[in-house]
Amino acid sequence: DRGSVQNSPKLYDVEYLMPVSLGTPSQQLNLDLDTGSSDLWVFSTLLKESMVNGQTLYNPNASTTSDKMEGYTWKITYGDQSYSSGDVYIDTVTIGDLTVSTQAVEAAKVVSEEFTADSDNDGLVGLGFGIINTVQPYKQKTFFEKAMPGLDSPVFTADLKAGAPGRYNFGYIDDDAYSGNITYVPVNSTDGFWRWVSPGFQVGSAGSFNSTRIHGIADTGTTLLLLPDSVCDAFYSQIASAEYEPSQGGYTFECGDPTVPDFYFGTANGQMIRIPGSYMSYSKTDTGSSRCFGGMQSDSGVGFTIWGDVALKAAFVVFDQGSEQLGWAEK
Ligand SMILES: O=C([C@@H]1CCCNC1)N1CCCCC1
């Protein structure tokens, strides 16, 4: 079996949403595929109205195939301190023509204001490893782990694009979606993340390669590229107008600065992925400002590097849960 679904970026590529069908008759919600967490949770009719702001709500009582898991609950807190919690139902879930008939659907009863404010986002599909699923008393498998045994190949791929729709594929690798070869690196799933080691980086096409092992996770649910301070310094020192602005919470530079270089990160066997300098102008700091917030920022708040959408949209990425590897290719 296999599946394929379009993903669509929101403004500034802050997040990528995909249509997901839940229940019978099907209820379609727009969800955020997040390889940095492992709960499938949705806005639901269990929420107080004050916590809902335009989102589409999953109504388990309107689904003839939903079964409430009595006594089961979930509660998740993300790295940015946003959170959600609620009850658990088993129901059918379809993503891109791939159906899991007995998926744990975590119906929200409470969401934090960050989620309420994001009116286009109806919930998350966590495709990290099930070991960090938050359902109590027994943790639940991710959508991919439930689908995996029936797939042609135990992989899903992420093709995120800058300012354009891309695709998530399940169970196969589309050889027309990338150029050159896919280079695979080992993944350590102990903490439930797609955690891997990059051998180093290069600033600009004429720069030298810095051999320094960078431990980090591939996280489709994080917008920016969060790297060690030493790497950020090496990058921003090459941009004439760049400075660290504590009031903005990070590095900024003049949006039109012509000196913004490309950034390359190593994967394996000498392969590097090139992130165009244009991806590093994340967004204007304030309305009418000429300064842009950088797409690369420090990981010092997190403790390890996060290869978020700014990096992932420069590549075709294979999440191989069969062999616990990540595949990287240019495109
Ligand atoms: O909460 C998160 C992220 C938030 C954005 C969406 N992906 C999950 N974590 C990943 C990094 C380590 C801490 C947990």
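What you see is a predicted model, and the numbers here were worked out from it, not measured in a lab. Atoms within a ligand are numbered from 1 in the order they appear, just like the ligands themselves.
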message = Does ligand 1 come near enough to Tyr78 that some N or O of the ligand is less than 3.5 Å from an N or O of the residue?
response = no
query = Any idea which of Ile132, Thr222, Ile306, Asp299 brings a heavy atom closest to atom 11 (C) of ligand 1?
reply = Ile306
message = Only heavy atoms of Asp219, strictly under 4.0 Å: list the atoms of ligand 1 that pass.
response = 3 (C), 5 (C), 6 (C), 7 (N), 8 (C), 10 (C)
task = Identify, by atom number and element, the atoms of ligand 1 in contact range of Gly79, meaning under 4.0 Å from any of its heavy atoms.
result = 1 (O), 2 (C)
query = For Ser241, does its backbone N or O pair with a side-chain atom of Arg291 as donor and acceptor, under 3.5 Å?
reply = yes
Point-to-point distance, once rounded to the nearest 0.5 Å, from OH of Tyr78 to CG of Asp34 = 6.0 Å
remark   = Of all protein heavy atoms, the one nearest atom 6 (C) of ligand 1 is Gly221 O, 3.2 Å
query = Between Thr223 and Asp309, do the side chains contain an N or O donor and an N or O acceptor separated by less than 3.5 Å?
reply = no
ask   = Do Thr212 and Asn210 get their side chains close enough for a donor-acceptor pair, meaning under 3.5 Å?
value = no
key: Top protein contact for atom 9 (N) of ligand 1, by heavy-atom distance   = Gly36 O, 4.0 Å
key: Nitrogen or oxygen atoms of Asp34 and ligand 1 under 3.5 Å apart   = yes
message = Are Leu127 and Leu29 linked, directly or through intermediate hydrophobic residues, by side-chain heavy-atom contacts shorter than 4.5 Å (ILVMFWY only)?
response = yes
ask   = Is the shortest N/O to N/O distance between Phe193 and ligand 1 below 3.5 Å?
value = no
ask   = Mind checking whether Phe263 and Phe201 have parallel, tilted or perpendicular rings, split at 30° and 60°?
value = parallel
key: Short side-chain donor-acceptor distance under 3.5 Å, Asp286 and Gln248   = yes
key: Those atoms of ligand 1 less than 4.0 Å from some heavy atom in Phe304   = 12 (C)
